[in-house]
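Data first, discussion second: the structure below is written as C-alpha cells.
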Amino acid sequence: MLVPTSLDEATAMLAEHPGALILAGGTDLMVEINDGHRRPDGIVIAVNRVPELRSWRHDPAAATLTIGAAITYTELLSEPLALFSPALAEASRTVGSPQIRNAGTLAGNLGTCSPAGDALPVLAALDATVTLVSAAGARTMPVGEFMVGVKRTAIEPGELIVEITVPTARGWQGYAKVGVRNAMVIAVASACLVVDEREQRIALALGSVGPTIIRCDEAEARLGTALDWATMTAPDDDLVAFGQLAAAAARPITDHRSSAEYRRHAVGVLATRLARRAVAGGRRSTAAA
Ligand SMILES: Cc1cc2nc3c(=O)[nH]c(=O)nc-3n(C[C@H](O)[C@H](O)[C@H](O)COP(=O)(O)OP(=O)(O)OC[C@H]3O[C@@H](n4cnc5c(N)ncnc54)[C@H](O)[C@@H]3O)c2cc1C
C-alpha cells in the first residue's frame, strides 16, 4: 500500500500506477474486496493522509463551500460545515453507524456512485461541482456529468477526486430517505429539496429510484411557481402535486430491497413531506450565506 502525504505525491503515484485502487475510508472498497468484486493484488493508494484532501474552505464572496475529498460524514454533520450545508449534514447523519461516519468520505460516496448513496441527491440538488486532478492537470465538472450510471463515474485512470464545491445555503434545504428500518440502512428511496431564495429557484433530486440520481424539472418548476416567495407559503394541493410529479420522474427497479411500485410511491411521499417542511420552516432556517 502506498500512503502519499501530499497531493503532488498522490498524483505522481497515480501517474506511475494508473490502475491502482484508491482507498479513502475503505467502507465500500474493503467490502468489495472482501466480497471478491475488486482485486487487492495490485497497488492500493491510501489518500486519507493527503492534507489537501482533508481540508475545506468557505468563500463568502462567492457564497460557496469547497470540501476536500477525504472529509468524513462526521465532519460534514458537525459545525461549522453543517451550518454552511444543512442538507449535506442531514444526509450525513443518516449514513451507517458512527464508525462508518467517522471513516466514510464524500469522495468515497462519489467514487462508488451507487444510486442509493446518501450524499449524492444532495450534491445533485445543489448543482455541486467535482474537481479531479491527475499528473496532467485539473478539471472541474458538474456532479450530474460526473455520475454516469450505476456505479459508473467520469473518473479516468490516473485521476483523483480532490474537492467538491457547493453553494452555501440560500434558503431551506433538507434530505429524507426511506429504508427497511430506521438506522444503518441503505435507502430504498431518497430525496433532497433545496430552496434558493436568492435566485427564487427550487431543486429536487431523487436517489435510489433510477440508475443514477434524478433531477425533477417539472416538479421544480411547479413548486417554484406555486410558492409565494415573499411569505414562503404555497397551497397544500401544489405540494401534493409536487410529490406526484417527483414520483412520475422516478425510474425505479424492483430488487431485493423493494418493489419498483413502492419506490415510486415512497419518493413521491418524501418529496411532498420535504416541501411541507420547507414551507413551514423556510423563513426560520435560512443558514449562513
Ligand atoms: C455497514 C455500512 C453501512 C453503510 N451505510 C451507508 C449509508 O447509510 N449510506 C450510504 O450512502 N453509504 C453507506 N455505506 C457505504 C459507504 O460508507 C459510503 O459510500 C462512503 O461514502 C464510502 O466512503 P469511503 O471513504 O469509505 O470510500 P472507500 O471505500 O475508500 O472508496 C469507495 C470508492 O471510491 C473511490 N475513491 C475514494 N476516494 C477517492 C478519491 N479521492 N478519488 C477517486 N476515487 C476515490 C475508491 O477507489 C472506491 O472505488 C455503508 C457501508 C457500510 C460498510
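As the structure lists them, so they are numbered: ligands from 1, and atoms in each ligand from 1. Source: prediction; values computed, not measured. The basis for the numbers below is simple: all heavy atoms, side chains too, and nothing from hydrogens, waters or symmetry mates.
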Residue, atom and distance of the protein heavy atom nearest atom 27 (O) of ligand 1 read G108 CA, 3.3 Å

Does an N or O anywhere in G104 fall below 3.5 Å from an N or O of ligand 1?
-> no

T94 near ligand 1, heavy-atom distance under 4.0 Å?
-> yes

Give the atoms of ligand 1, by number and element, whose distance to some non-hydrogen atom of T112 is under 4.0 Å.
-> 32 (C), 33 (C), 34 (O)

Numbering the atoms of ligand 1 from 1, which are under 4.0 Å from a heavy atom of V95?
-> 6 (C), 7 (C), 8 (O), 9 (N)

Pairing of R139 and E145 as salt bridge, 4.0 angstrom limit | no

Check against side chain to side chain contact (heavy atoms under 4.5 Å, CB included), I43 and E16 = CA-CA 10 Å; I43 304 279; E16 195 176 338; over 6 Å; no

What atoms of ligand 1 come closer than 4.0 angstrom to any heavy atom of D118?
-> 7 (C), 8 (O), 9 (N), 10 (C), 11 (O)

Pull out every atom of ligand 1 sitting under 4.0 Å from any heavy atom of M184, numbered as shown with elements.
-> 1 (C)

More than 12 non-hydrogen atoms from neighbouring residues, nucleotides or ligands closer than 6.0 Å to NE2 on H17, yes or no?
-> yes

Nearest protein heavy atom to atom 41 (N) of ligand 1, by residue and atom, and its distance?
-> I161 O, 3.1 Å

How close does the nearest protein non-hydrogen atom get to atom 39 (C) of ligand 1, and which residue and atom is it?
-> I22 CG2, 3.7 Å

Indicate whether any N or O donor in one side chain lies under 3.5 Å from an N or O acceptor in the other, for E90 and T94.
-> no

Taking the side chain as every heavy atom from C-beta outward, state whether I161 and L53 have any pair of such atoms under 4.5 Å apart.
-> no

Taking the minimum heavy-atom distance to atom 53 (C) of ligand 1, which of L160, I71, I164, T27 ranks first?
-> T27

Salt bridge (charged side-chain N to carboxylate O under 4.0 Å, His left out) between D28 and R38: does it pass, once the steps are laid out?
-> CA-CA 11 Å; D28 275 327; R38 300 280 283 268; over 6 Å; no

If you measure from CG on D59 to CZ on F84, what distance do you get to the nearest 0.5 Å?
-> 10.5 Å

Can a donor-acceptor pair be found between the side chains of T66 and T165 at a distance below 3.5 Å?
-> yes

Check whether any side-chain heavy atom of V209 sits under 4.5 Å from a side-chain heavy atom of L206, and report yes or no.
-> yes

Nearest non-hydrogen protein atom, atom 12 (N) of ligand 1 | N109 ND2, 4.0 Å

Mark the output for K177 as yes if a heavy-atom distance to ligand 1 is under 4.0 Å, and as no if none is.
-> yes

Can R215 and E220 be counted as an ion pair, charged N to O under 4.0 angstrom?
-> yes

Give the single entry among C113, G25, G111 that approaches atom 34 (O) of ligand 1 most closely by any heavy atom.
-> G111

Do any N/O atoms on L29 end up under 3.5 angstrom from N/O atoms on ligand 1?
-> yes

Find all atoms of ligand 1 within a distance of less than 4.0 Å from any non-hydrogen atom belonging to Y73, and give their numbers and elements.
-> 18 (C), 20 (C), 21 (O)

Polar-atom distance check: I186 versus ligand 1, any N or O pair below 3.5 Å?
-> no

Subset of ligand 1 atoms that lie under 4.0 Å from at least one heavy atom of A24 | 25 (O), 30 (O), 37 (C), 38 (N)

For ligand 1, find out whether one of its N or O atoms is nearer than 3.5 Å to an N or O atom of G117.
-> no

Criterion side-chain hydrogen bond (donor to acceptor under 3.5 Å, both in side chains) on T231 and T233, from CA distance to verdict = CA-CA 5 Å; T231 59; T233 54; 2.7 Å; yes

Of L239, D238, L245, L274, which is the lone residue that meets side chain to side chain contact (heavy atoms under 4.5 Å, CB included) with L223?
-> L239

Residues E75 and T72: side-chain donor-acceptor under 3.5 angstrom = yes

Under-4.0 Å heavy-atom contact with ligand 1, by part of R38 that carries it | side chain

Contact check, V185 vs ligand 1, heavy-atom distance below 4.0 Å | yes

Do any nitrogen or oxygen atoms of V47 come within less than 3.5 Å of a nitrogen or oxygen of ligand 1?
-> no

So which of I100, L21, V130, D28 gets nearest to atom 15 (C) of ligand 1, if we judge by its closest heavy atom?
-> D28

For T140 and T129, run side-chain hydrogen bond (donor to acceptor under 3.5 Å, both in side chains): C-alpha distance rounded to whole Å, both residues' side-chain angles, the deciding distance at 0.1 Å, then the answer.
-> CA-CA 6 Å; T140 297; T129 58; 5.8 Å; no

Using a distance-only test with no angle check, is there a side-chain donor-acceptor pair under 3.5 angstrom linking Y73 and N102?
-> no

Tell me which one of A10, A119, G96 gets a heavy atom nearest to atom 4 (C) of ligand 1.
-> G96

Can you find an N or O of E159 that's nearer than 3.5 Å to an N or O of ligand 1?
-> no

Do any heavy atoms of E32 fall under 4.0 Å from ligand 1?
-> no

Name the atoms and distances for all side-chain donor-acceptor pairs under 3.5 Å in residues 115-123, with sequence neighbours left out.
residue, atom, partner, partner atom, Å
D118, OD1, Y175, OH, 2.3
D118, OD1, K177, NZ, 3.4
D118, OD2, K177, NZ, 2.7

Heteroatom proximity flag, L23 to ligand 1, N/O under 3.5 Å = no

Any N/O pair G26/ligand 1 closer than 3.5 Å | yes

